[in-house]
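Computed from a predicted model, the values in this text were never measured in an experiment. A note on names: the letters A, B, ... follow the listed sequences, proteins ahead of strands, and every chain is numbered from 1.
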Protein chains: 2
Amino acid sequence: MKKTNCEVNDALSIISGKWKPAILFTLISNGSKRFNELERLINGITPRMLAKELKELENNQIVKRTQYETIPLKVTYEMTEYGMSLKDILIKLHEWGINHNRLYK
Amino acid sequence: MKKTNCEVNDALSIISGKWKPAILFTLISNGSKRFNELERLINGITPRMLAKELKELENNQIVKRTQYETIPLKVTYEMTEYGMSLKDILIKLHEWGINHNRLYK
DNA sequence: CGGTATCCTCAAAGATACTG
DNA sequence: CAGTATCTTTGAGGATACCG
């Protein structure tokens, strides 16, 4: 999809993705979480989608991945400081969505 | 695409759409605009996409369509008061996008 | 002037199974 | 435990032509 001239799309491209808001809220609210903790906390997500969206968030510096070379393997994900700059926007979108559902559903 | 449990997606589903941010900013900044004014102001958009996204915004009460039975036909679009409740969020997304591009592009 | 109609492409997301 | 690999489906968006 070619770019448009509006930077809102650049911001949206980073937070949209079916599971990204849920992933972000989970990490924002709960701090560092392991892969399978996220899998359990986010209802209905498959490992494929969780891995894919986490990787995109990591590539955009929103989320930090840490791997511990233990047996069994342990990997954690957490918000970066930069990622936390999305917190207010996400909260406002959340509130707007709740209000919209109340009015129109 | 089945719904997730996060209302951020409900908000995003209303403002995302490739041309919606550009349409919304144009109407927010310039007030009421005719179809072909929007077409000229928004670079690269086709009539099909403009009509489609305007209709979705109208269905969600974000934009109001007014038709004048003149010859030639005249139709205008403007933000609703409810639609204006998105203004702050759009501005924040815009600023975040600009800053993100500055940092990572 | 303000749109539709048709056809096409491609990427996002789902289902299921498998691996270091 | 933390993911990949494959295959399939769906729908957003584009191109182009036409209409009341």
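The line from CG of B/Leu50 to CG of B/Leu38 is 5.5 Å long, rounded to the nearest 0.5 Å. A distance of 10.5 Å separates CG of A/Asp10 from CG of A/Asn60, quoted to the nearest 0.5 Å. Taken to the nearest 0.5 Å, the CG atom of B/Leu93 stands 8.5 Å off from the CG atom of A/Leu86.
A donor-acceptor distance shorter than 3.5 angstrom exists from the side chain of B/Thr80 to the backbone of B/Gln61, with no hydrogens or angles considered.
For B/Trp19 and B/Phe25, the ring centers are positioned 6.0 Å apart or more. Aromatic ring centres of A/Tyr104 and A/Trp96: separated by at least 6.0 Å.
Within the 4.0 angstrom heavy-atom criterion, only backbone atoms of the sugar-phosphate kind lie near A/Tyr77; the bases stay farther away.
Geometric assessment of A/Lys33 against the ring of A/Tyr77 yields a negative cation-pi assignment under the 6.0 Å and 45° thresholds.
Other residues, nucleotides and ligands contribute over 12 non-hydrogen atoms within 6.0 Å of the CG atom of A/Leu103. Heavy atoms from other residues, nucleotides or ligands lying under 6.0 Å from CD of A/Glu81 number 12 at most.
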Give the B/S/- string for nucleotides 7-20 of chain C, one per nucleotide from 5' to 3', where a protein heavy atom under 4.0 Å of the base yields B, of only the sugar-phosphate yields S, and otherwise -. ------BBB-----
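If you walk DNA chain D from 5' to 3' and mark each nucleotide with an atom closer than 4.0 Å to a heavy atom of chain B, the marks span D/dG13 to D/dA15.
Between B/Gln67 atom CD and C/dC1 atom C1' the separation is 11 Å, expressed in whole Å.
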Just do the salt bridge (charged side-chain N to carboxylate O under 4.0 Å, His left out) check on A/Lys20 and A/Glu56 with the steps written out, would you? CA-CA 9 Å; A/Lys20 278 182 197 158; A/Glu56 290 170 13; 2.6 Å; yes
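Residues from residues 34-42 of chain A with heavy atoms under 4.0 angstrom of DNA chain C: there are none.
B/Lys55 has a side-chain polar atom (N or O) that falls below the 4.0 Å cut-off from OP1 or OP2 of C/dT4.
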